[in-house]
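Heavy atoms only: backbone and side chains are in, while hydrogens, waters and symmetry mates are out.
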Amino acid sequence: MKNKIYWLGVGALMLPMAAEAYDTPGLYANFKRVGLDLGTSKVSNYQEYEGSPNTEINQNTQGVLKGVFEFAFEYEQPKYRWDNSVYAEYGKSKIHGNKGRDSHVENADKLLLATDYTYKIWHFDINNSDMGPFANAAYQTEFTDDADAKRQKLVRGMQGLKLINGTKGITDFHLAMVEEVDYTYKNDDTKIAWQTGFTYKYPFADKYRFEFESYLRDYVSYSRYEGDDFKYEFSAVAKLNIMTGNNFFVEPYVSYFRAEDRESKKAGSNVMFGVAVAFTDVLEL
């Protein structure tokens, strides 16, 4: 129980937490994304994962429309950085069948609350980045229950090494050990994993920026057997950020997610092509 309480906190780190680089120390309110994503997805081997709490691979929905909200309070100081953020997304599609057999399927349902502390030891002039040890605490859940799967609820903690504040090229990188306490099922399950991830950004032509984000999480131990527990999960997102006006952007993207659980014979994957339309802004408090 003490080990579980140690990790208990508010936070999440599913992708590398891409933070703004601030020249002036202080507290900032960062509206990273408030908008809509429209896309189409192709899910492989979804039949193997219909009972999985992960909405990315437990259904075969082709059309995706979801609302996305991402916000953070970011506290920048010369020796450390402390970020607290929330990420939320939700989307539902209607599948048309025979009379009386139409159904609604969730294709996005996630709520992530995050706190992340990085102590700066090294500074790199090449891209104005900082590196040092970091600690992260996480809570991840869903807004609603899925008809065929349990509602995901877990607490996650990370400790490791992290690079932050880069302005170009590799702007964020982390390597960490992970401990999760998963309350999705009747009996909670404690899992240990290692994770690595990075963010690459390349701005060009004033209002354009290419971005690539990726992470890999590999589980190495479990406190009990649960067939839906992942052995590993991998995510990659490539996108072109186009600023269309003051604080508004359009972002074509392609994403790939792949995971394999402990009982299935095949891995499940999701390839999605889409475009996001969103508002963004940063305010110094």
Side-chain angles (χ1 to χ4, degrees), residues 12-24 26-42 55-56 61-74 76 81 83-94 106-112 114 127-129 143 164-173 197-215 235-257 270-285:
L13 185 62
M14 295 302 294
L15 287 175
M17 187 180 292
E20 297 287 341
Y22 300 117
D23 295 329
T24 305
L27 179 64
Y28 294 84
N30 188 349
F31 292 88
K32 296 184 177 184
R33 180 186 298 260
V34 183
L36 292 173
D37 286 14
L38 175 65
T40 180
S41 66
K42 173 61 177 177
T55 56
E56 292 181 275
T61 302
Q62 297 299 311
V64 177
L65 175 62
K66 63 182 180 181
V68 179
F69 175 79
E70 187 174 6
F71 172 80
F73 283 114
E74 300 173 334
E76 185 78 53
R81 183 185 179 103
D83 295 337
N84 295 277
S85 66
V86 56
Y87 176 88
E89 66 175 25
Y90 188 79
K92 181 179 285 189
S93 297
K94 185 175 183 179
E106 289 181 348
N107 44 52
D109 189 357
K110 185 182 296 182
L111 175 62
L112 304 174
N127 67 344
N128 201 36
S129 60
F143 291 100
I164 59 173
N165 290 344
T167 55
K168 187 177 180 180
I170 302 237
T171 60
D172 293 83
F173 169 82
F198 70 95
T199 301
Y200 176 87
K201 295 182 180 180
Y202 184 79
F204 62 97
D206 294 333
K207 295 186 177 182
Y208 297 86
R209 184 176 66 204
F210 171 77
E211 297 184 20
F212 183 83
E213 299 176 348
S214 182
Y215 77 90
S235 175
V237 183
K239 48 195 175 183
L240 178 63
N241 186 286
I242 306 169
M243 296 301 297
T244 58
N246 291 334
N247 302 327
F248 287 91
F249 66 87
V250 175
E251 194 171 66
Y253 67 89
V254 57
S255 67
Y256 177 75
F257 179 83
N270 183 327
V271 179
M272 181 182 297
F273 296 88
V275 61
V277 180
F279 165 85
T280 184
D281 196 13
V282 177
L283 304 174
E284 185 173 4
L285 302 178

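Residues Lys110 and Phe143 share a closest heavy-atom pair of O-CE1, 3.5 Å. Looking at every heavy atom in both residues, Asn165 comes nearest to Arg81 through OD1-NH1, 3.0 Å. Of all heavy-atom pairs between Ala72 and Lys32, the closest is CB-CE, 4.1 Å. Heavy-atom minimum distance, Leu285 versus Phe73: CD1-CE2, 3.7 Å. Of all non-hydrogen atoms in Asp37 and Ala276, the two that sit nearest each other are OD1-CB, 3.1 Å. Between Val64 and Ser41 the shortest heavy-atom distance is CG2-OG, 3.9 Å.
Using cut-offs of 30° and 60° for the angle between ring planes, the Phe204 and Tyr208 rings count as parallel. The aromatic rings of Phe71 and Phe31 sit tilted relative to each other, their planes meeting at an angle between 30° and 60°.
By the 4.5 Å heavy-atom criterion applied to side chains, Thr167 and Pro203 are not counted as neighbours. Contact check for Glu70 versus Ser85: no side-chain heavy atoms found under the 4.5 Å cut-off. For the pair Tyr202/Phe212, no side-chain contact is recorded, criterion being any heavy-atom separation below 4.5 Å from C-beta on. Annotation: side chain of Glu56 is not in contact with side chain of Met272 (no heavy-atom distance under 4.5 Å). Looking at Thr171 and Thr199, their side chains come closer than 4.5 Å, going by heavy atoms from C-beta outward.
Distance check: Phe69 CZ to Glu89 CD gives 13.5 Å after rounding to the nearest 0.5 Å. Distance CZ/Phe198 to OH/Tyr215: 13.5 Å, rounded to 0.5 Å. Remark: Phe249 CZ to Lys239 NZ distance equals 7.5 Å, nearest 0.5 Å. For the atom pair Asp83 CG and Ile164 CD1, the distance stands at 7.5 Å (nearest 0.5 Å).
At distances below 3.5 Å, not a single donor-acceptor pair connects side-chain atoms of Thr280 with backbone N or O atoms of Arg33. Counting only distance, with no hydrogens or angles, the side chain of Asn270 and the backbone of Phe257 share no donor-acceptor pair below 3.5 Å. Without hydrogens or angle criteria, Asn127 side chain to Ile170 main chain gives a donor-acceptor distance under 3.5 Å.
The side-chain contact (heavy atoms from CB on, under 4.5 Å) test with Asn241 singles out one residue from Lys201, Lys207, Glu251, and that residue is Glu251.
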